[in-house]
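In what follows, a structure is listed as structure tokens, so that the remarks can point back to it.
Per chain, numbering begins at 1; letters A, B, ... match sequence-line order.
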There are 2 protein chains.
Amino acid sequence: MVLVMDATPRLREQACFALYTASRAVIGLYRPMLDRLGLTYPQFLVLMALWESDGLTVTELGDELQLDSGTVSPLLKRLEAGGFVERRRESDDERRVTVHLTEAGAALESRGCEITQVVGEASGMSYGELIALRDKLNEFTAAIHDRQSTTE
Amino acid sequence: MVLVMDATPRLREQACFALYTASRAVIGLYRPMLDRLGLTYPQFLVLMALWESDGLTVTELGDELQLDSGTVSPLLKRLEAGGFVERRRESDDERRVTVHLTEAGAALESRGCEITQVVGEASGMSYGELIALRDKLNEFTAAIHDRQSTTE
DNA sequence: GCTCATTAAGTTGTGCACAACTTAGTTGTG
DNA sequence: CACAACTAAGTTGTGCACAACTTAATGAGC
């Protein structure tokens, strides 16, 4: 194997591009299924976080999804308008807003679970392969976040 | 190992979420470096495609990047405004528009190559590991696109 | 009690993505 | 030639992402 490190980087040889494309592809697979529930993929992620632990604050949700308040705030606004969640200004600290599932939002849990199954199967990978890929990706993300904080 | 397939899907256990997060993380690593060149990550991808083969049509670029004309057209408009590319309406088929690097756009090739090197190193993975990850991701994307076309 | 730094959430502006649509040019068939 | 079907690029509208900023509430130190 020859490493031609100083050649022009080709699009299809780049791991980063493969990542970008794979991410969009899987979200595209979710789309028609989530459409039927009236959700987008990021909205679905919020619900997943709340099914696991209802009543998170906006900041906690952002930490969970790796998104800042500029993304999460309007996302929650739309989820609230859709009747999936409710926002409550906390009385012990008026800066904090906790997010709670409505009955409709909680009721989607089993349908949501089914959807993740279908997507997993469509990947053409075994459960073990998916776990391995997930762990490799999380390792990759962690390495990048480390580099981010040290070099700046 | 126990497979609890009917349990609530947990965010951090999902390969799809790992993919979504990893993709955003790597683009975030590119951002400050590309900022210095006056580029965004998708704009950088367009230039990579053109460094490899200048004069592609809008549709060919879209095929290469897996993006439709609704995304590519405004992207090219901004790249043209930035002085990186030039669009030419073809005279033999007036529907077609070919995209050509300007001198400034072509001149970024070596800087762009350096940036991909730096990002690759920041991943904390060896060259071989990155290749393996890339191939796994492309396999994943291909399986999903197959499923998309068969099940509609 | 006051002031100032900090924190939480939200707002504004830019640039993707993508669906749905429009416009204009080309091609195939009668 | 006529005209319908098709194709290429672009436009419009919605919803993320993210940087930069604003507003409001809290807490620490004096």
With sugar-phosphate meaning primed atoms plus P, OP1 and OP2, does A:Ile27 contact a base, only sugar-phosphate, or nothing at under 4.0 Å between heavy atoms?
nothing

Closest-nucleotide mapping onto DNA chain D: is A:Glu90 or A:Thr71 further toward the 5' terminus? I mean the 5' end.
A:Thr71

Taking the side chain of A:Val97 as heavy atoms from C-beta outward, which of D:dA9, C:dG10, C:dA17 is closest to it?
C:dG10

For DNA chain C, whose closest nucleotide is more 5', that of A:Pro74 or that of B:Gly70?
A:Pro74

Between C:dA19, D:dA9, C:dA9, which one does the side chain of A:Arg31 approach most closely?
C:dA19

Would you kindly give the CG-to-P distance between B:Leu56 and D:dA8, to the nearest whole Å?
14 Å

Check ion pair B:Arg96-B:Glu94 (N to O, under 4.0 angstrom)
no

It should be established whether A:Thr40 places a side-chain nitrogen or oxygen under 4.0 Å from OP1 or OP2 of nucleotide D:dG15.
no

Side-chain N,O (A:Lys77) to OP1/OP2 (D:dG15) below 4.0 Å
no

Look at the side chain of A:Asp68 and decide which nucleotide, out of D:dG10, D:dC18, C:dC16, has an atom nearest to it.
D:dC18

For D:dG10, does either OP1 or OP2 sit under 4.0 Å from a side-chain N or O belonging to B:Ser69?
no

Short side-chain N/O contact from B:Gln43 to OP1 or OP2 of C:dC16, under 4.0 Å
yes

Per B:Arg95 side chain, nearest of listed nucleotides C:dG15, C:dT26, C:dT11:
C:dT26

Under 4.0 Å, counting only non-hydrogen atoms across every strand here, what does B:Leu67 touch: a base, just sugar-phosphate, or nothing?
sugar-phosphate

With a cut-off of less than 4.0 Å, is there a side-chain N or O of A:Arg89 near OP1 or OP2 of D:dA24?
no

Taken to the nearest whole Å, CD/B:Gln66 to P/C:dA19 is 13 Å

What nucleotide among C:dA9, D:dT26, D:dG10 has an atom nearest to a side-chain atom of A:Arg96?
C:dA9

What's the CZ-C1' distance between B:Arg78 and C:dG15, to the nearest Å?
5 Å

Could you give the CD-to-C1' distance, from A:Glu60 to C:dA9, as a whole number of Å?
13 Å

Which residue in the set A:Leu39, A:Leu37, A:Leu101, A:Leu76 passes side-chain contact (heavy atoms from CB on, under 4.5 Å) when paired with A:Phe84?
A:Leu39

Between A:Asp68 (side chain only) and A:Thr71 (backbone N and O only), is there a donor and an acceptor less than 3.5 Å apart?
yes

Decide whether A:Thr98 and A:His100 meet the rule of one side-chain donor and one side-chain acceptor closer than 3.5 Å.
yes

If you check every side-chain atom of A:Glu94, which of C:dG15, D:dA25, D:dG10 has the closest atom?
D:dA25

Kindly compute the distance separating CG (A:Asn138) from OG1 (B:Thr21), expressed to the nearest 0.5 Å.
7.5 Å

Does CZ in B:Arg87 sit with more than 12 non-hydrogen atoms of other residues, nucleotides or ligands closer than 6.0 Å?
yes

Partner nucleotide, any strand, of C:dG30 [Watson-Crick/G-U, under 3.5 Å]:
D:dC1

Reckon A:Tyr41 has a side-chain N or O less than 4.0 Å from the OP1 or OP2 of D:dG15?
no

Of B:Arg87 and B:Arg24, whose closest DNA chain D nucleotide lies nearer the 5' terminus?
B:Arg87

